[in-house]
Amino acid sequence: MNTDPHQPIYLDHHATTPVDPRVLAAMLPYFTEHFGNPTSTTHQYGWAAEAAVTNARATIAAAIGASPEEIVFTSGATEANNLALKGIAEAYFAKGQHIITLQTEHNAILDPCQYLETLGFTVTYLPVNPDGLVDLERLTNAIRTDTILVSIMAANNEIGVLQSLAEIGNICRAREVLFHTDAAQAIGKIHLDVNRLNIDLMSLTAHKVYGPKGIGALYVRRRNPRVKISPQLHGGGHEQGMRSGTLYPPQIVGFAKAVEIALIDIDLNTSKLVALRDRLWLQLSQIEGIYLNGHPTQRLAGNLNISVAGVDGNALLLGLRPIVALSSGAACSSAKIAPSHVLQAIDRSPSLAHAALRFGIGHNNTVDEIDRVATATIETIQSLRKLALRL
Ligand SMILES: *Cc1c(COP(=O)(O)O)cnc(C)c1O
């Protein structure tokens, strides 16, 4: 993808992805030509924008087996997660004040949960197995009579682990507890069907799947059961009162186009990414003291997360910086010195949690790029280890 040898190879697709040129082309007319407000019902400028939003809503709903009226557009998955957690907490307050989530969730789940604790809610942060998967028996046992919501992510943004959504959905449905999933990393990468999986609320975002930043959605189930959420943004009553604010047609159109493209080739893309990922791991695993983080197969196709023994994590990232753009964990917390909370939750020692590399492969990456990255990573690790021996 990257023909400029002076630019590092982009392997940080869990942080964000480039906008697909077909997505951009679909968006452009809605900035200047069809610029209307989709809620202006008195003229054709509004109608054109409304038609585009209606189509996009139908595409996104169909992608997850939902109905269009169950899609609430938001500014992304962070807002969708906040709306789900706070919206459910407020609406179901009388039923109970207990929420269950995972220690390995994204901060856009953990931080709202901590906020809800300050309001008097109780949150159980379930540990995960060393492979990153939640223990289903532990989940079952954690559900109480006052539990109103289980929030468990579909795909982890650091270690790529795919939670067993169908089993979790069954458990929640049997106990009549609402099930929310943060599917920011999963949409367009794995098959998602809210009815088959018994999902009641689902957070989505466009920019991890070659769509624009600043747009996402919350799926809110309307029947069996009908889920109520309290709005967190009040105003013009958009999105059936669940999220006020003028809709943003270019972003919404781009979001739908990105999802549509991803689904056409989902299985082909998955097998291509698995081949690149396995090729990278095959080379890296040749050298000693390299550990794979997360489940070996129940993970996102483009994700490889490794810990490296005997090197300083920062020195490793610094050494690789000119060659490959990647991170040691979540983009939003990379600035923090503390090792990743996800790697700590899967029982990695502090030094192994610190010396971690998250490779996020995208469908524009080539075999040649993967080989260059593998060679550079091995060379950097070996020279850092030699240096450490000399000190
Ligand atoms: C990226 C990400 C988010 C945040 O999504 P935004 O649309 O950037 O707000 C939330 N959860 C997970 C798992 C993510 O990977």
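Throughout, numbering of the chain's residues begins at 1 and tracks the sequence. Whatever order the structure lists them in is the order used to number ligands and atoms, beginning at 1. It should be emphasised that the depicted structure is a prediction, and the values quoted were computed from it without experimental measurement.
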| Got a salt bridge between Lys257 and Glu260, using NZ or NE/NH1/NH2 to carboxylate O under 4.0 Å? | yes
| request: Would you check if the side chain of His98 reaches a backbone N or O of Thr145 as a donor-acceptor pair within less than 3.5 Å? | output: no
| query | Under 3.5 Å, is there a donor-acceptor pair between the side chain of Thr74 and the main chain of Gly76? | reply | yes
With the criterion set at N/O pairs under 3.5 Å, what does the list of contacts between the protein and ligand 1 look like, atom names and distances included?
{"from": "ligand 1", "atom 1": "7 (O)", "to": "Ala77", "atom 2": "N", "distance (Å)": "2.8"}
{"from": "ligand 1", "atom 1": "7 (O)", "to": "Thr205", "atom 2": "OG1", "distance (Å)": "2.6"}
{"from": "ligand 1", "atom 1": "8 (O)", "to": "His207", "atom 2": "NE2", "distance (Å)": "2.8"}
{"from": "ligand 1", "atom 1": "9 (O)", "to": "Thr78", "atom 2": "N", "distance (Å)": "2.9"}
{"from": "ligand 1", "atom 1": "9 (O)", "to": "Thr78", "atom 2": "OG1", "distance (Å)": "2.6"}
{"from": "ligand 1", "atom 1": "11 (N)", "to": "Asp182", "atom 2": "OD1", "distance (Å)": "3.4"}
{"from": "ligand 1", "atom 1": "11 (N)", "to": "Asp182", "atom 2": "OD2", "distance (Å)": "2.6"}
{"from": "ligand 1", "atom 1": "15 (O)", "to": "Gln185", "atom 2": "NE2", "distance (Å)": "2.7"}
{"from": "ligand 1", "atom 1": "15 (O)", "to": "Lys208", "atom 2": "NZ", "distance (Å)": "2.7"}

| Side chains of Thr377 and Gln283: is there a donor and an acceptor less than 3.5 Å apart? | no
| query | Just checking, is any N or O donor in the side chain of Ser244 or His234 under 3.5 Å from an acceptor N or O on the other one? | reply | no
| Quick one: does Arg221's side chain have a donor or acceptor within less than 3.5 Å of a partner on Ile199's backbone? | yes
